[in-house]
Structures are given as C-alpha cells and as structure tokens.
Amino acid sequence: MRSQIWVSDVVRALEVARTDEDRVRVLEMLGFVPGAVPVTAPAAPFADPAEPRTPVEAPRRERRPEPAPEPPPRTAAEDETRNADEAEELPLLRPVRVEPVATPREPVQPLARPTAERAPLPHLPLFVPAWTSAILRAMVSRRVPEGAVDIPALIDTLAHGRPVGRLPRLPVPTMRYGVQVLVDRGPGMQPFRRDQNDLLDRIRAVVGPSLVEVGYFSGTPQRGTGPGARWTRTAYVPPESGRPVLLLSDLGLGGPPEDPQRGSRQDWECFVGLVTRAGCGVVALSPYPPGRWPRWMTRLLPLVSWDRTTTASRAAVRLP
C-alpha cells in the first residue's frame, strides 16, 4: 500500500531535479498530471546574510480623526439671551380682526361629581296619586243608614198604614269599622312588592293606623297569616263582624304554574265563605287586567283593577 503523497513532497522532489525532463518524470512518478502543474523556475539560492536587504514597507493604517471636544453647557442666562435674540428676529404678526366673545345667556351648571352612592329609582305607583285616597275610601267604606231622613221611604210606610217605629235614613259611607288588609307575598306578587308597601302607607293615612289590621300570607290566607315573618304566621282568623277585608293579591293568576303554594279555586271559595260567615265583606285588588280574570273569580267576590285606569266611581263596591 502506497502512503499518501503531499504537495510538500512534490516541491522537495522538484528542487532536487535539475532539468525539465527530470521534473516531468518526477511528476509522472508521483501521480500528478504534467500539464496541470506549471513548470516552475529554478529556486533561487538563499541570499547571503552579508548583503543588504531591501526593507519591506508595512501597510499603512489610516488614522481616524479625533472627536471634537464637547462645548461647555450653557447657563440659564445664556439661554434667555439666545431666546430673546431669536424672538427679536421673528416677524411680529398683526391680527386681521378681533371678534368679541359671546357670553352664554344662561350659566352652564357643572356636572355632578360621580359618587359611590346609588340613588333609588323613582317609584311610579299603579294608582294615580291624586286619586288614590278617593279610591281607597270607595273600597273600604261601609254604607250605614245614618244620613238624612229618607222621605220617600217614610211616605211609603205611612201610605201602607204601618207604624213608624224608627225614622228611615239615607245610607252614608263610613270607615269607623276599620279594615283588615291581607297582603299576598307569593311569587306571583313579587314584582309588586314596592306597590304593596306604598299602598299600605296610604291606607293607614286614610283610615287611621289604629283601625288598620295587616296580615301577610303566601298562596292563600288559610295556610298561615300574620303581621311578621313567615315562620311566625298562624291559622287565619276573620276580623270582628262588620270590618271589611281588603285583599292585595292576584288570586293565583301569576307565579309558576307548578307552585304547590299557589291558591286554587276551591281554596278561594273556602276563604270567601269563611269571611262571609263572620259577617264581613271582602274585596280584592288585583294588578292583572280584567281580561285575565276567570268568570268564577268575578262571581265569587268584588274585584278592582289595580292600575291607572281605575277611578273612585269604578272602585266603589257595596260591602255588607
């Protein structure tokens, strides 16, 4: 196996060869193509150290210009002087015309600063506020024969030859019997909770706080009625004879259909019978329109629509 031949070996062999023919034969023996290697001139002999050598110039390096020194910082007085000189060189602009500033006729009020307090929204009651007192009087008043003498009735008694044991008198409305207000707190009346509280205050102002009895219930009054929380309610007891009962309820028209506490027709018929046997009249104030009232409900008890179309004449009912 032949060892590798390096270019340095070729150079040494060519130095030893004297003629061009010897050099060609050396290249062929070493495996190099003769035409690919140019014929080199004989190597020059080593220079004599006694002879003077030509100095070789080193490459020149370009010198970069040194940065100019930074000017010293100017003082405030020098800056003001320079600004003043520049202002004098600028041309002075003259106004073309001067228009007067129009003052507003009404002073503009500044906007209120935002606060973290949230003001409650204004309450719009279901009844017209100016008619509420008259509507309540028409619903809870009882008509008693304590007015002026009923002349036609007196004449009829005398014409039939009957004795006059007591002068007949015309009926007049009175609220001295007071009123029992039953407030429905069921799911169907939840959207009208604020209206119920507002109407209770108006009833106390019209009838008198000492003559108003308030009871809260859910579903029907027979399942528990009382002036406080739900766990304090007891079985319903009708008021004393002659005191009217005012229901603030939807009578089961609203709320979830699958609500087990929802009052049925039989429940309300039982309630009206209980109040009637106690010698009291009952009237219901419903926030739903008359178009949603079933026929059995209008036959069972007097109903008054709780909206802004109701007037005192429409709310007048005849209580026993």
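One is the number of the first residue; the rest follow in order along the sequence. The analysis underlying the following values was restricted to heavy atoms, covering all of them including side chains, and did not include hydrogens, waters or symmetry mates.
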- For Leu303, does its backbone N or O pair with a side-chain atom of Trp293 as donor and acceptor, under 3.5 Å? no
Using atom types as modelled, flag every donor-acceptor pair under 3.5 Å from a side chain in residues 246-256 to any protein atom, sequence neighbours excluded.
unit_1, atom_1, unit_2, atom_2, d
Ser249, OG, Asp184, OD2, 2.9
Ser249, OG, Leu251, N, 3.0
Asp250, OD1, Gly252, N, 3.3
Asp250, OD2, Gly254, N, 2.8

- Message: Can you give me the closest heavy-atom contact between Arg295 and Thr298, atom names plus distance?
- Response: O-OG1, 2.9 Å
- Judged by atom type as modelled, is there a donor-acceptor pair below 3.5 Å linking the side chain of Thr157 to the main-chain atoms of Val164? no
- Can you tell me how far the OG atom of Ser313 sits from the CH2 atom of Trp131, to the nearest 0.5 Å? 9.5 Å
- Message: How close do Pro244 and Gly178 get, counting heavy atoms only, and between which atoms?
- Response: CD-O, 3.1 Å
- Measure the acute angle between the ring planes of Phe217 and Trp268, then classify it against the limits of 30° and 60° as parallel, tilted or perpendicular. perpendicular
- Item | Residue Glu146 excluded, over 12 heavy atoms near CD under 6.0 Å | yes
- Message: Walk me through whether Ile203 and Leu199 qualify under side-chain contact (heavy atoms from CB on, under 4.5 Å).
- Response: CA-CA 6 Å; Ile203 293 174; Leu199 193 65; 4.2 Å; yes
- State yes or no: do Val172 and Tyr177 share one hydrophobic cluster built from I, L, V, M, F, W and Y residues joined by side-chain heavy-atom distances below 4.5 Å, directly or via other members? yes
- Exercise: do Arg185 and Gln196 side chains pair donor with acceptor under 3.5 Å: yes
- Note on the structure: Here the pair of heavy atoms bringing Met175 nearest to Val140 is SD-CG2, 4.0 Å
Under 3.5 Å, which donor-acceptor pairs link side chains of residues 222-231 to any protein atom two or more places apart or in another chain?
unit_1, atom_1, unit_2, atom_2, d
Gln222, NE2, Asp267, O, 2.8
Arg223, NE, Thr220, OG1, 3.4
Arg223, NH1, Gln261, O, 2.5
Arg223, NH2, Asp267, OD2, 3.1
Thr225, OG1, Pro221, O, 2.8
Arg230, NH2, Ser218, OG, 3.3

- Message: Around atom CZ of Arg162, are there more than 12 heavy atoms from other residues, nucleotides or ligands closer than 6.0 Å?
- Response: yes
- Message: Treating Arg142 as the side-chain partner and Arg176 as the backbone partner, does any N or O pair qualify as donor plus acceptor under 3.5 Å?
- Response: no
- Message: If I take atom CZ from residue Arg25 and atom OG1 from residue Thr19, how far apart are they, to the nearest 0.5 angstrom?
- Response: 9.0 Å
- Do any N or O atoms from the side chain of Thr276 and from the backbone of Gly273 form a donor-acceptor pair under 3.5 angstrom? no
- May I ask you to decide if Thr309's main-chain N or O and Arg314's side chain share a donor-acceptor pair within less than 3.5 Å? yes
- Task: Show your working on side-chain contact (heavy atoms from CB on, under 4.5 Å) between Val272 and Leu300 and close with a plain yes or no.
- Result: CA-CA 8 Å; Val272 173; Leu300 182 62; 3.8 Å; yes
- Is there side-chain contact between Arg137 and Pro173, with at least one heavy-atom pair below 4.5 Å? no
- Query: Taking C-beta and beyond as the side chain, do Asp259 and Pro187 meet within less than 4.5 Å on heavy atoms?
  - Reply: yes
- Task: May I ask you to decide if Trp306's main-chain N or O and Thr310's side chain share a donor-acceptor pair within less than 3.5 Å?
- Result: no
- Query: Do Ile155 and Leu170 share a hydrophobic cluster (ILVMFWY, side-chain heavy atoms under 4.5 Å, transitive)?
  - Reply: no
- Message: Any carboxylate oxygen within less than 4.0 angstrom of a Lys/Arg side-chain nitrogen, looking at Glu99 and Arg97?
- Response: yes
- If two hydrophobic side chains count as joined below 4.5 Å and joins carry through other members, does Trp296 share a cluster with Val304? yes
- Task: Specify the closest pair of heavy atoms between Pro239 and Gln180, including all atoms of both residues, with the distance to one decimal.
- Result: CD-OE1, 3.3 Å
- Item | Shortest non-hydrogen contact from Val128 toward Thr132 | O-OG1, 2.9 Å
- Message: Any non-hydrogen side-chain atom of Met139 less than 4.5 Å from a side-chain atom of Leu285?
- Response: yes
- Message: Can you tell me how far apart OG1 (Thr232) and OH (Tyr216) are? Round to the nearest 0.5 Å.
- Response: 11.0 Å
- Approximate separation, where rounding is to 0.5 Å, of His123 NE2 and Asn197 CG: 9.0 Å
- Message: If you apply the rule side-chain contact (heavy atoms from CB on, under 4.5 Å), what do you find for Val245 with Val283, and how did you get there?
- Response: CA-CA 6 Å; Val245 177; Val283 58; over 6 Å; no
- Task: Evaluate the side-chain contact (heavy atoms from CB on, under 4.5 Å) criterion for residues Glu28 and Val24: first the C-alpha distance (whole Å), next the side-chain angles of each, then the deciding distance (0.1 Å), finally the verdict.
- Result: CA-CA 6 Å; Glu28 290 178 354; Val24 172; 3.9 Å; yes
- Parallel, tilted or perpendicular: ring planes of Phe192 versus Tyr288, cut at 30 and 60 degrees: perpendicular
- Interatomic spacing from CZ in Phe127 to OG1 in Thr311 - rounded to 0.5 Å: 10.0 Å
- Treating Ile, Leu, Val, Met, Phe, Trp and Tyr as nodes and any side-chain heavy-atom pair under 4.5 angstrom as an edge, say whether Phe271 and Val237 lie in one connected cluster. no
- Item | Ion pair Arg243/Glu240, N-O distance below 4.0 Å | yes
- Could you tell me whether Arg265 and Glu269 have a side-chain N and a carboxylate O separated by less than 4.0 Å? yes
- Query: Do Arg202 and Ser133 have side chains that get closer than 4.5 Å, going by heavy atoms?
  - Reply: yes
- Query: Under the 3.5 angstrom rule, does the side chain of Arg169 hit a backbone N or O of Pro145 as a donor-acceptor pair?
  - Reply: no
- More than 12 foreign heavy atoms under 6.0 Å from CZ of Arg12: is that the case here? no
- Query: If you measure from CG on Leu27 to CG on Asp22, what distance do you get to the nearest 0.5 Å?
  - Reply: 11.0 Å
